[in-house]
Amino acid sequence: MKSTQLGLLTGLVLGLAVAFGGFGAFAAVAVLGAIGFLVGRYLDGKLDLSQLAGRDRG
């Protein structure tokens, strides 16, 4: 899935959360979406968390 399609899908989901669930649902979907994005980047190997843990893999 390309970044444009992923952004469109995310916008649609956030819009539905606002329409049916209010701001609380919108905030929950936005936070969970951000966590999912970070997990996806980590699993793809595009996010290095070694600096956050304070140690290098090297």
Side-chain angles (χ1 to χ4, degrees):
M1 182 177 280
K2 294 183 179 183
S3 298
T4 304
Q5 293 170 333
L6 184 61
L8 175 62
L9 183 63
T10 303
L12 289 172
V13 169
L14 290 175
L16 288 173
V18 168
F20 296 111
F23 182 76
F26 170 77
V29 170
V31 169
L32 292 174
I35 291 171
F37 175 76
L38 292 175
V39 169
R41 296 279 296 189
Y42 178 74
L43 292 176
D44 286 343
K46 295 180 180 177
L47 181 65
D48 185 17
L49 298 176
S50 63
Q51 292 180 347
L52 293 175
R55 59 183 171 188
D56 290 329
R57 292 182 180 167

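Since this is a predicted model, take the numbers as computed values, not measurements. All heavy atoms count here, side chains included; hydrogens, waters and symmetry mates do not.
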Grouping I, L, V, M, F, W and Y whenever their side-chain heavy atoms are under 4.5 Å apart, do Phe20 and Val18 come out in a common cluster? no
Are Val31 and Tyr42 in one and the same hydrophobic cluster, where Ile, Leu, Val, Met, Phe, Trp and Tyr link if side-chain heavy atoms are under 4.5 Å apart? yes
List the atom of Ala30, the atom of Leu14, and the distance in Å for their closest heavy-atom pair. N-CD2, 3.6 Å
Applying side-chain contact (heavy atoms from CB on, under 4.5 Å) to Phe23 and not counting sequence neighbours gives Phe26, Ala27
Hey, quick one: are Val39 and Phe37 part of the same hydrophobic cluster, counting side-chain heavy atoms closer than 4.5 Å, chains of contacts allowed? yes
Under a side-chain separation threshold of 4.5 Å, the hydrophobic residues clustered together with Leu32 are none
